[in-house]
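First the proteins, then the strands, lettered A, B, ... as listed; each starts at 1.
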There are 2 protein chains.
Amino acid sequence: MSDHEQPPLPPNSRLSGDALPPVEQHAQQYETVRNAHETELIEDYVELIGDLLRHRGEARAADIASRMAVSQATVSKMIRRLNELGLVTSRPYRSLFLTEEGHKMAETSRARHDIVLHFLRALGVRDNTARIDAEGMEHHVSDETLAIMRRFTEKHQT
Amino acid sequence: MSDHEQPPLPPNSRLSGDALPPVEQHAQQYETVRNAHETELIEDYVELIGDLLRHRGEARAADIASRMAVSQATVSKMIRRLNELGLVTSRPYRSLFLTEEGHKMAETSRARHDIVLHFLRALGVRDNTARIDAEGMEHHVSDETLAIMRRFTEKHQT
DNA sequence: CAAATAGTTTAACCTTGGCTAACAATTATT
DNA sequence: AATAATTGTTAGCCAAGGTTAAACTATTTG
Ligand SMILES: [Mn+2]
Ligand SMILES: [Mn+2]
Ligand SMILES: [Mn+2]
Ligand SMILES: [Mn+2]
C-alpha cells in the first residue's frame, strides 16, 4: 500500500473542492443526468423539425441530416422512432409534420433553448459560443435554474 | 431542393424565436454536443475516483457503484476501459489509483465542475438543485463561458 | 420521354453503457 | 476454523445511436 502522497486533510478544508455529498444525494445527481440523456436527442429532433416547419414551411429528412451533420440513414431510423412515439407523422418522400404532442414538445424545448441562449448572451458570451454551449446545456437545466436565468436576462437587457 | 446553399434569409420571421443558423454553424452545435457525450462518462468516473481518493483515501468499485447508482458489473466493465485508456491502475480487491494522466483529467474535471457549481450558487440556485444541474451542465460549458462564470462568481461573493 | 440526380429506406454492422445471474475471492463474524 | 457477508468479475442480454452500402422512389433536366 503506497501511502505515498496521502491527503494531509488540510485544517482549512476549503483548499480544494467541496466535500463529498451524502451517497443518496450524489447518486441522484448522476441519475438525473442519465435520465436527461434518454430524452435529449428526441427533444433536439422534435425541436429542429418544429423550427424547420416554422422557418421553411417543411421539414425534410435530408435537411435534418445536414443540419445535424449525421447520415440520412440515421435520420430515417430516428424518424421511425419518433413516429412510434407518436411525435411526428410522415408519409414517404413528403415533409414531416408534428403531432399535437410533438408540437407541444417542440414548443417547450424551443422555449427552454431560447432562455438558455439568451441568458448566455446576456452574461457576455459571444454568440457562436453561446449557441454551441446552449445546445448541450439546455437539457441539464432545472426549472428552478431556468426561472433564475430568465429573470437575469430581463434585468440585463442590452 | 434542400438548404444546400446559404440561407435565403426569410423575409420577416421575427415573430417567435431566433432564425435558423447557417447549416454549417448549426451542424457544429450538434457535433460539439456529440463529442462531449463521448468523454462525459469517463470524466465523471475519473473525477469521482479522484474525489474518493482525496476524501476517503481509497476508491473501491463498490463505492463508485453506490455513488453512481449503477450495478457493480457496470463499474467493473468501466474500470477495465479506464485501465485500457491508461487513466487508472487497479489490482483486484484493492483500491483504484489514478495514473498521471488520470490525475490530470480528474483535476481538470473537478476544477470545471466547481466553477459551474459555484456559479450556479452565486446566481441564486438552491444548493441541491445547483449540484444536480452542475453534474450535467459541466460537460457542455466552453472555456470562454467558464471564464465568464468564474469572474461572475468572484464579483458576487456573499 | 428517358436519363440523371436527389431523396429515402433498408440491411448489416459497430460501440457504449446499462442490466441480471452466476461464480470467485476476500474479509468479517461467530 | 467454518461460515457468512461483502466485494469483484464474467457471461450473456438489450437498446440507443452511429456508420456504409445498396436498393428504391421522385423529381428535374436533356
Ligand atoms: Mn435545443
Ligand atoms: Mn440540444
Ligand atoms: Mn463532474
Ligand atoms: Mn458530470
For this session: Could you check whether Val70(A) gets within reach of a base, just the sugar-phosphate, or nothing at all, counting any heavy atom under 4.0 Å?
Result: sugar-phosphate
Exercise. Roughly, in whole Å, what's the span from CD in Glu31(B) to C1' in dT19(D)?
Worked result: 14 Å
Seminar exercise, completed: On DNA chain D, more 5' by nearest nucleotide between Ser95(B) and Met78(A) is Ser95(B)
For this session: Would you kindly give the CG-to-P distance between Asp63(B) and dT6(D), to the nearest whole Å?
Result: 14 Å
For this session: Go through dT7(D), dT9(C), dT10(D) for me and flag the one nearest to the Ser76(B) side chain.
Result: dT10(D)
For this session: Nearest whole angstrom, please: distance from the C1' of dC14(D) to the CD of Glu38(A).
Result: 13 Å
Problem set entry | Separation of dT7(D) P from Lys77(B) NZ (nearest whole Å) | 22 Å
Exercise. How about Glu144(A) and Thr129(B): does a side-chain donor come under 3.5 Å of a side-chain acceptor?
Worked result: yes
Problem set entry | Contact under 4.0 Å: Arg80(B) side-chain N or O vs dT9(D) OP1/OP2 | no
For this session: Quickly work out the Ile64(B) CD1 to dT7(D) C1' distance and round it to whole Å.
Result: 13 Å
Exercise. So, do His139(A) and His113(A) have ring centers that fall under 6.0 Å from each other?
Worked result: no
For this session: Would you mind reading off the distance between Leu41(B) atom CG and dT16(C) atom P, rounded to a whole angstrom?
Result: 11 Å
Exercise. Which whole-number value in Å describes the distance from Asn35(B) CG to dT16(C) C1'?
Worked result: 15 Å
For this session: Check for a donor-acceptor pair, side chain of Thr39(A) on one end and backbone N or O of Ala36(A) on the other, with a separation under 3.5 Å.
Result: yes
Exercise. How long is the line joining CZ of Arg94(A) and P of dT25(D), in whole Å?
Worked result: 15 Å
